[in-house]
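I have placed the structure first, in the form of structure tokens, so that the comments after it can refer back to it.
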Amino acid sequence: MTTMTEPAGRHEAAFAGSLALPGDYWELLKPRVMSLVIFTAAAGLVVAPGHVNIVVALVSLLATAVGAGASGALNMAYEADIDGVMKRTSGRPIPTGRVTSGEATAFGIVLSVFSVMLIGIAANWLSAALLAFTIVFYALVYTVWLKRATPQNIVIGGAAGALPPMIGYSIVTNSVTLDSVILFLIIFVWTPPHFWALALLKSDDYAKAGIPMMPNVKGTARTRVEILLYTIVLAPLGVMPWATGLAGPVYGVVAAVTGAVMLWLAWRCFSVRVGTEADKAAKNLFAFSILYLFLLFAVLLAERGLALASHLGL
Amino acid sequence: MARPKPPTGIVLSPAQQRSRRARNVAIGVAVGLLVLLVYALTIAKLGGHVGDRAL
């Protein structure tokens, strides 16, 4: 009889004897990130010109979300060492020992392959290629290379988070157009001010884990300048879908007003640099940046949904 | 009647057995959903007039 501690068949024993529950694997998929991916991809899908079967659309969105989740599992498999050090991530399944890195890697690879094949069969192979690129970019380029190497990690790595609306758009059109590039750019340019506002508040945590975030490497003053510069680019970019005709006037007004608020908060973050007021300014910018992106994509969805409802006479 | 043989190989604790069973059920449900999805997708892609084509 083999016991769990004997060397013979140790790997089999470790796997069979795992205490991991399905919920632990679900946690590896970063469900909150998956819900954001579904949301932004759905916006890209709904605003795209043309028609797509509802079943094809739902299966493709599901595949996109699973692909994003798979890249999250691969990210957690690789980052277990730094996740264990940081307060925000120390309760994840791998640092707590509920799932091994090897199991998470296998889980991530299997889901990556299935999700890319599924969207390719359901929609088209351009969407599959974009999803595959998103997974590889996040799991390898960002996680393995950029994150620990440069303070520009989240700038370049932000491309992975910005691709879902482009995937949603290509599910319908089988193409990449100026409109889908604009949706990509909005999230891409939004990412640095969003994450650097958080990094200003959590710089000790990132330093402890040895991650070269902008405030730790270039200093908080430089970070505040860059936050402001990116927001100056972001605010007009947010209005672009209205300017190109992709979105309607309601979107234009919402994007202009919320863009102005983003600019004001970025200016506060830039100009108030010491004490609790400085922390408050960074916190306000971080919190509002989430609302900003949510509102832009929610209005895109709502506008097109209402237009569709009136077209159908509902 | 012969007495049951003592277990050989890897012996799991009750907690480990429960976890493995839960994982197996989850895998079963996921595979079942995948089959349903591919079936629905196939029907959707075939369209409404699949029976009208010339053989």
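Every chain is numbered from 1, with letters handed out A, B, ... down the list of sequences.
- Atom CH2 of A:W125 is surrounded by more than 12 heavy atoms from other residues, nucleotides or ligands within 6.0 Å.
- Proximity to chain A (any heavy atom under 4.5 Å) is shown, for B:I43, by neither the backbone nor the side chain.
- Between the B:R20 side chain and the A:A20 main chain, no donor and acceptor come within less than 3.5 Å of each other.
- When all heavy atoms of B:A22 and A:P22 are compared, the pair lying nearest together is O-CG, 3.4 Å.
- Chosen from B:S19, B:A26, B:A15, the residue pairing most often with chain A at heavy-atom distances under 4.5 Å is B:S19.
- Within 6.0 Å of NZ on A:K87 lie no more than 12 heavy atoms contributed by other residues, nucleotides or ligands.
- Of the inter-residue distances, the one linking B:L37 atom CG with A:L118 atom CG reads 6.5 Å to the nearest 0.5 angstrom.
- Using a 4.5 Å heavy-atom cutoff, the side chains of B:Q16 and A:L19 are in contact.
- Heavy atoms of A:L62 lying under 4.5 Å from chain B belong exclusively to its side chain.
- Atom-to-atom distance recorded for A:S18:OG and B:L12:CG is 10.0 Å, nearest 0.5 angstrom.
- Ranked by heavy-atom pairs shorter than 4.5 Å toward chain A, the options B:A44, B:A40, B:S13 are led by B:A44.
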